[in-house]
Amino acid sequence: MNTLVSKINSELKRIFVDNGYNETLAFISSSNREELADYQINSCFSIAKELKKNPMEVADNLSSLIKDIQIDGIKAFSFCESCKPGFINLKLNDKVLFLNIRDIITDDNLFINGENILPKDAPKCILLDYGGANVAKPLHVGHLRVAVIGEALKRLYNRLGIKTISDVHLGDFGLQMGLVIEGLKDENKVDNFTTGDLEIIYPKASLRAKGDVNNNVEPDIDFSNRAHETTKKIQDGIEPETSIWKRILKLSIEDLKKRYAELNVFFDYYYGESTVKDIMGPMVDELIKNGIAYESNGAYVIDVKNDTDKKEMPPCIIRKSDGAVLYATSDLATIKYREDNFDADEYVYVVDKRQSLHLEQCFRASKKAQLLKKDKKFYHVAVGTMNGPGGKPFKSRDGGVLKLEVLINDAKEKALKQLIDNNRDLSGIDENDTARKIGIAALKYGDLSNNPTRDYIFDIDKFLSFQGNTGPYILYTLVRIKSIFDKLDNININAVLNIDCDDIIHKIFLKAIRYEEVLLEAYNNYDPSVICKYIYELSNDFNSFYHDHSIINEKDNSKKEIYIIICNVVDRLIRDALSILAIEIPDKM
Ligand code: ARG
């Protein structure tokens, strides 16, 4: 909780205790009617009920005591009034608000301390499973959301003082590996291939094995069988397939690291399904031995259904009738591996919502199989689909899956064109690098500003706009502030004494002290869009302040000092928020 608010709450508590009111009800809440009040007290109704009094009588009594509350020797409220049927409306005194702002901007950490805001039983360490790239397959648009949302959550946890372990959990053990290796063999490229080759070979091999009914392409059964056999060979460690596979893995990981870095996404571990290849077999044997897994039509399964389930909850299959392992087996063994090697208190999976059932089965199976050292929470951030115009899943021009690289390049090119067309003054800066930052900010912010679980329509032209809730609009606010700073001398913030706040300044200061509430809400809801909404509103407020005030030419020094502090606090907050969202900021645009 903000230090000012917590100081007020402890004063309130004293008043409540003195009056025989229930002290657990002694707190102020943000007002839901900005124009009327900053904060309100809603507890008069509960107090009245407990003490069999009239709520309005309680509100009248409380407000007469609250109006004189002092914080650090200054009156806390400029306005404190009871109103029917039993609320109390409060407006913070500008001076007290300002002193709190001054504390915030003079602190490197903006006075954010997770320990003060998180619940007492919050996890100390969270393991995040996000990204989920597949080796030898190019990253496609579906991989954008899980990567950027996962990265933002990771940084949010760190910002709140929670340790994280991040793992990309590569798909590196499935049929795609067999397909690619057989494709490489047929093209005589086994000894000499690049990531470019792999990206061409995979879709070709996949099409060849599956066929395409729409275009009258028959499946190549012989090729498909070879791919399956090769996949099994890799899983059993047979040569030379295993060595080829290892080379593909190494090359792919190097390439993936570069691509994720371009999005400012970084993982502690590039583990994959294959990391647990030696754990899977013995784990399944053990589960069969102790009766957790049982045979069903030749396969081995674990029942995960509960009496309370409303939706279908089929058993979790962990060994196929031919002895092969499945996606669930590797996820289950991965949980075991993570339990053995890390000490996380919670697991957060940022994965496409279409995998909800699979993950729920795995989470339940892991508890049933007692793979966990202690009871802990699993949470699936069930990520919605990114759709193209018209609300249909995003496709490339020829109807295939759109590669992420194509999307990123398009955003960068459009950002560059926009800079050139608008005749921006970019003297002395690298245009391409600026366009890269703007393009990627547009892409990421367009994604992050939507609730993770909801589908959204990807519209790069809208995302690149300098107006509205977009990345470029937020960046532009910062660039504007920077250009003000460039024209000003530094001021000594601690020397500012004369406080003269008009409505918009009051509004900005008030919003500033709510930043930690916003981070907490984003944390509780696993939702970075809460942070986007906040910086968007803050940018709007700042920009209306900017239009109504002449900052650089202000003659009254005490006013000018406040204006500079406004610029300072808005700048610091938005920069902090963007570092959580992992969005880079250009100097000019
Ligand atoms: N590689 C998977 C895919 O592309 C996503 C992996 C998600 N994480 C997990 N632990 N299953 O669909």
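Values in this document were obtained by computation on a predicted structure and should not be read as measured data. Every number for a ligand or one of its atoms is a count from 1 in the order of the listing.
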Taking Asp172 for its side chain and Ser274 for its backbone only, find out whether a donor-acceptor pair lies under 3.5 Å. yes
Neighbouring protein residues of ligand 1 - any heavy atom closer than 4.0 Å: Asp129, Gly132, Asn134, His143, His169, Tyr327, Asp331, Tyr349, Val351, Gln355
Give a yes or no on whether Arg247 atom CZ has more than 12 heavy-atom contacts from other residues, nucleotides or ligands under 6.0 Å away. yes
For the pair Thr453 (side chain) and Ala382 (backbone), establish whether a donor and an acceptor sit closer than 3.5 Å, ignoring hydrogens and angles. no
Under the side-chain contact (heavy atoms from CB on, under 4.5 Å) criterion, do Glu405 and Glu199 qualify, and how do the steps go? CA-CA 12 Å; Glu405 193 187 353; Glu199 291 191 353; 4.3 Å; yes
Could you tell me how the ring of Phe378 sits relative to the ring of Tyr349: parallel (under 30°), tilted (30 to 60°) or perpendicular (over 60°)? tilted
Listed by chain and number, what are the salt bridge (Lys or Arg N to Asp or Glu O under 4.0 Å) partners of Lys277, not counting sequence neighbours? none
